[in-house]
Amino acid sequence: MNIVMTIAGSDSSGGAGIQADLKTFQELGVYGTSAITALTAQNTLGVSDILAASPEFTVAQIQAVFEDLQVTAVKTGMLFSAEIIEAVTEELQKHSVQLVVDPVMIAKGGASLLQQEAIHALKTKLLPIATVLTPNIPEAEEITGIQIETVQDIETAAKKILALGVQCVVMKGGHLEGEEAVDMVYFADGAFFAMSSERINTKHTHGTGCTFSAALTAFLGKGYALRDAIIEAKHFIQAAISHPLNIGNGHGPTNHFAYRKAQVKGQVKLH
Ligand SMILES: Nc1ncnc2c1ncn2[C@@H]1O[C@H](COP(=O)(O)OP(=O)(O)OP(=O)(O)O)[C@@H](O)[C@H]1O
Ligand SMILES: Cc1ncc(CO)c(N)n1
């Protein structure tokens, strides 16, 4: 059995965070484990409260799992504070795992899921040990200090992120305009490709980033090569966004069930 882990915050409404990750793992046939960094009281309209775990308790969860189970791939989502980032990094350094870092910063409703002073720890501690970073455009801007408006800006920012020590960066284009949702993928060895899919006109995009990075982690856990895992994760999120569940009064969740039933072949074009 392939065992993977998510280190992230809980979303009480089930569309993002730990819940989205575990649903995605289940759908992709890997065994999901978790370390919860924070509880959020949240629904499709926004976040109303946050209760963070201590760094020590976050690490205790990771240790309990690793002592007993052979985890091969890990993702991080909401990490909330510099102290949690530092503790998680120190613990993960002890293990040989593929690490997907989704640098979650702000929820769709505007709530801050990462304290401003934690960005430095993210850049200097966690990124150097990451296999792949999956920022959206505002997150890439925050990490690099570059205002991203053009494709050239995306490339400049990606190179700046690779210089921090991460092996690969997926610059997610969900926040850009255009008929296609384009993600650009840069590797430390200079390799590059872009993936595009039809942009779905929907407000139900709660947890898209969590779901994409969880799918990527699941495929890595199943032994896919990094490039193939990224492409298949894009198929997973495209299916999940294309078949909305239409629940909630705000930004509803994506549909984690869709991938196994949907015709995903040909939905993602490579450039
Ligand atoms: N409307 C859409 N149609 C098709 N694909 C989309 C759409 N919105 C986002 N995506 C895709 O979903 C994935 C996640 O991208 P996005 O930029 O939305 O992440 P995010 O902002 O981190 O999400 P989150 O809201 O969870 O923080 C990317 O592969 C992106 O291209
Ligand atoms: C717990 C949590 N993690 C991540 C996100 C980002 O989508 C969210 N809204 N909530």
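For ligands, and for the atoms within them, numbers begin at 1 and follow the listed sequence.
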> Would you say Ser10 touches ligand 2, if touching means a heavy atom closer than 4.0 Å?
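The answer is yes, since Ser10 has a heavy atom less than 4.0 Å from ligand 2.
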> Give the numbers and elements of all ligand 2 atoms closer than 4.0 Å to a heavy atom of Ala107.
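What qualifies from ligand 2 is 9 (N).
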> Between ligand 2 and Gly77, can you find any atom pair, the residue atom being a heavy atom, that is separated by under 4.0 Å?
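Judged by the 4.0 Å heavy-atom criterion, Gly77 does not count as contacting ligand 2.
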> Report yes if some heavy atom in the side chain of Asp228 is under 4.5 Å from a heavy atom in the side chain of Glu232; otherwise report no.
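Heavy-atom side-chain distance check fails, nothing below 4.5 Å.
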> Within ligand 2, which atoms have a heavy atom of Val104 less than 4.0 Å away?
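So the answer, numbered in order with elements, is 4 (C).
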> Just jot down the ligand 2 atoms closer than 4.0 angstrom to any heavy atom of Gly9, in number order.
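With Gly9 as reference, the close atoms of ligand 2 come out as 1 (C).
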> Taking atom types as modelled, find out whether Asp153 and Thr150 have a side-chain donor-acceptor pair closer than 3.5 angstrom.
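On atom types as modelled, these side chains qualify, holding a pair under 3.5 Å.
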> Using a strict cut-off of 4.0 Å, indicate which atoms of ligand 2 neighbour a heavy atom of Ala16.
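Once the distances to Ala16 are compared, the set is 5 (C), 7 (O), 8 (C), 9 (N), 10 (N).
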> Which residue supplies the protein heavy atom nearest to atom 4 (C) of ligand 2, what is that atom called, and how far is it?
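Looking at atom 4 (C) of ligand 2, the protein heavy atom closest to it is Cys210 SG, 3.5 Å.
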> Any chance CD of Gln26 has more than 12 other-residue heavy atoms, nucleotides or ligands included, within less than 6.0 Å?
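No, CD of Gln26 has 12 or fewer neighbouring heavy atoms, counting only those of other groups under 6.0 Å.
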> Could you name the protein residues that come within less than 4.0 Å of ligand 1, counting only heavy atoms, and order them by chain and residue number?
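Lys108, Asn136, Lys172, Gly174, His175, Ala181, Asp183, Glu198, Arg199, Ile200, Thr205, Gly207, Thr208, Gly209, Cys210, Lys234, Ile237, Gln238, Ile241.
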> Working to the nearest 0.5 angstrom, can you tell me the gap between Ile84 CD1 and Leu79 CG?
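Reported to 0.5 Å precision, the distance equals 7.0 Å.
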> Look at atom 5 (C) of ligand 2 and say which protein heavy atom is nearest, naming residue and atom and giving the distance to 0.1 Å.
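Minimum-distance protein heavy atom for atom 5 (C) of ligand 2 reads Leu113 CD1, 3.5 Å.
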> Heavy atoms only: give me the nearest Thr217-Ala73 pair and the separation to one decimal.
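Of all heavy-atom pairs spanning Thr217 and Ala73, the closest is O-CB, 3.6 Å.
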> For the atom pair CD (Glu91) and CD1 (Ile62), what is the distance rounded to the nearest 0.5 Å?
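It is 6.0 Å, given to the nearest 0.5 Å.
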> What do you reckon, does Gln42 have a nitrogen or oxygen under 3.5 Å from a nitrogen or oxygen of ligand 2?
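The answer is yes, given that Gln42 and ligand 2 share an N or O pair closer than 3.5 Å.
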> With rounding to the nearest 0.5 Å, note down the distance linking CG in Asn136 to NZ in Lys172.
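Reported to 0.5 Å precision, the distance equals 5.5 Å.
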> Under the 4.5 Å side-chain heavy-atom rule for ILVMFWY, direct or indirect, which residues accompany Ile231?
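Members other than Ile231 - counting any ILVMFWY side chain reachable under 4.5 Å - are Val100, Val132, Val170, Val185, Phe187, Phe193, Met195, Ile200, Phe212, Leu216, Leu220, Leu226, Ile230, Ile237, Ile241, Val268, Leu270.
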> With heavy atoms under 4.0 Å as the rule, classify the contact between Ile18 and ligand 2 as side chain, backbone, both or neither.
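No part of Ile18 comes within reach of ligand 2.
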> Any pair with a residue in residues 83-107 that passes ring-ring contact (aromatic ring centres under 6.0 Å, His included), sequence neighbours left out, goes on the list, sorted by first then second residue, please.
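Applying ring-ring contact (aromatic ring centres under 6.0 Å, His included) to every pair that reaches into residues 83-107, excluding sequence neighbours, yields Phe66-His95.
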> Restricting to pairs with a member in residues 241-271, which pass ring-ring contact (aromatic ring centres under 6.0 Å, His included), not counting sequence neighbours?
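The answer is Phe236-Tyr259.
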> Out of Cys168, Pro135, Pro103, which residue meets the side-chain contact (heavy atoms from CB on, under 4.5 Å) rule with Ile161?
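Only one of Cys168, Pro135, Pro103 forms a side-chain contact (heavy atoms from CB on, under 4.5 Å) with Ile161, namely Pro135.
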